[in-house]
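One structure is given below, encoded as structure tokens.
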2 protein chains.
Amino acid sequence: MKCSSYYLFFDTISNKTRMAIIESLLRGPKSVNDICGSINEEQSKVSHSLKRMVECNFLDVKREGKQRIYRLNQETVVPILKLVDKHVSKFCNKECMRK
Amino acid sequence: MKCSSYYLFFDTISNKTRMAIIESLLRGPKSVNDICGSINEEQSKVSHSLKRMVECNFLDVKREGKQRIYRLNQETVVPILKLVDKHVSKFCNKECMRK
DNA sequence: ATAACATATGACTTTCTATTCATATGAAAT
DNA sequence: ATTTCATATGAATAGAAAGTCATATGTTAT
């Protein structure tokens with residue numbers, strides 16, 4: 001394993017806004033505005049985040065009229081989240097959850 | 001899945017120094033000085049990173065004389081890295097690797 | 001008790017990164 | 001062609017996190 005190449009992956013996912021977007025998209029594909037509504041964040045902020053997540057192939061986009069529909073990469077992102085979930089629930093206590 | 005709680009996990013792992021430490025510890029437990037040598041970083045920098053990684057249970061420590069031996073949490077961290085490896089090799093091209 | 005070695009820690013500074021804001025692009029409707 | 005709606009983007013700023021340095025703590029040896 002050449003971990004150095006994982007850096008960008010983790011760097012992209014380690015952000016509250018982007019994590020909220022992932023959480024929202026776990027419930028299904030959404031347009032930018034729908035994401036904004038569901039996580040209560042401003043449009044340009046969300047767009048900047050989305051761009052970065054697409055670059056890393058966390059998400060893909062399709063155009064639909066004026067809208068762009070973003071969808072989670074189910075194949076790899078979801079299984080990784082499940083493992084992290086396991087780690088967090090098994091090893092992380094309250095202090096670990098600060099911030 | 002409550003992704004919001006994953007934030008600290010990813011935030012801790014998304015750092016070049018800490019990733020280098022993980023990479024080094026994949027090859028077996030090491031003392032602080034050994035880690036410093038293997039990744040060519042300064043001691044206090046490494047210690048600060050180690051502290052944070054222990055808080056998240058990425059690592060554990062045992063004392064051995066004057067030294068402290070750090071060891072990777074094999075149970076969850078290693079499988080996660082493997083999945084990320086899969087994602088990176090399948091979905092991430094060169095541009096994705098910038099920085 | 002003191003010295004030497006290994007590691008940890010606090011405070012300051014610097015470096016990054018996210019957010020914000022203003023504006024651009026692009027598609028559909030009139 | 002112009003307006004409206006949806007989204008993207010560039011540049012500037014603000015904020016956070018990392019690195020640095022000086023020093024503290026703790027362990028072993030003498």
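Numbers restart at 1 for each chain; the letters A, B, ... are given by sequence-line order, proteins then strands.
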Which pairs, with at least one residue in residues 30-56 of chain B and sequence neighbours excluded, count as a ring pair (Phe, Tyr, Trp, His ring centres under 6.0 Å)? none
Round to the nearest Å and state the distance from I35(A) atom CD1 to dT7(D) atom P. 9 Å
Assign each of R63(A) and N15(A) to its nearest nucleotide of DNA chain C by heavy atoms, then name whichever residue's nucleotide is nearer the 5' end. N15(A)
Would you please confirm or rule out a distance under 4.0 Å between OP1 or OP2 of dT19(C) and any side-chain N or O of T17(A)? yes
Measuring only between side-chain heavy atoms, which start at C-beta, is I35(B) closer than 4.5 Å to L50(B)? yes
Check Q74(B) against P79(B) and note the closest heavy-atom contact, atom names and distance. O-CD, 3.2 Å
Ignoring backbone atoms, test whether R52(B) places a side-chain nitrogen or oxygen under 4.0 Å from the OP1 or OP2 oxygen of dA18(D). yes
Atom CZ of F10(B) and atom C1' of dT17(C) are separated, to the nearest Å, by 19 Å
What is the distance, rounded to the nearest whole Å, between atom NZ of K62(B) and atom C1' of dT27(D)? 18 Å
N-O pairing of D11(B) and R52(B) below 4.0 Å: yes
Give a yes or no on whether the backbone of L8(A) and the side-chain of T12(A) come within a donor-acceptor separation of less than 3.5 Å. yes
May I have the distance from E64(B) (atom CD) to dG26(D) (atom C1'), rounded to whole angstrom? 16 Å
How does protein contact run along nucleotides 2-13 of chain C, one letter per nucleotide 5' to 3', with B for base contact, S for sugar-phosphate only, - for none, heavy atoms under 4.0 Å? ---BSBBBB---
Could you tell me whether the phosphate oxygens of dA18(C), OP1 or OP2, come under 4.0 Å of any side-chain nitrogen or oxygen in R18(A)? yes
Looking just at side-chain N and O atoms, do T17(B) and S49(B) make a donor-acceptor pair shorter than 3.5 Å? no
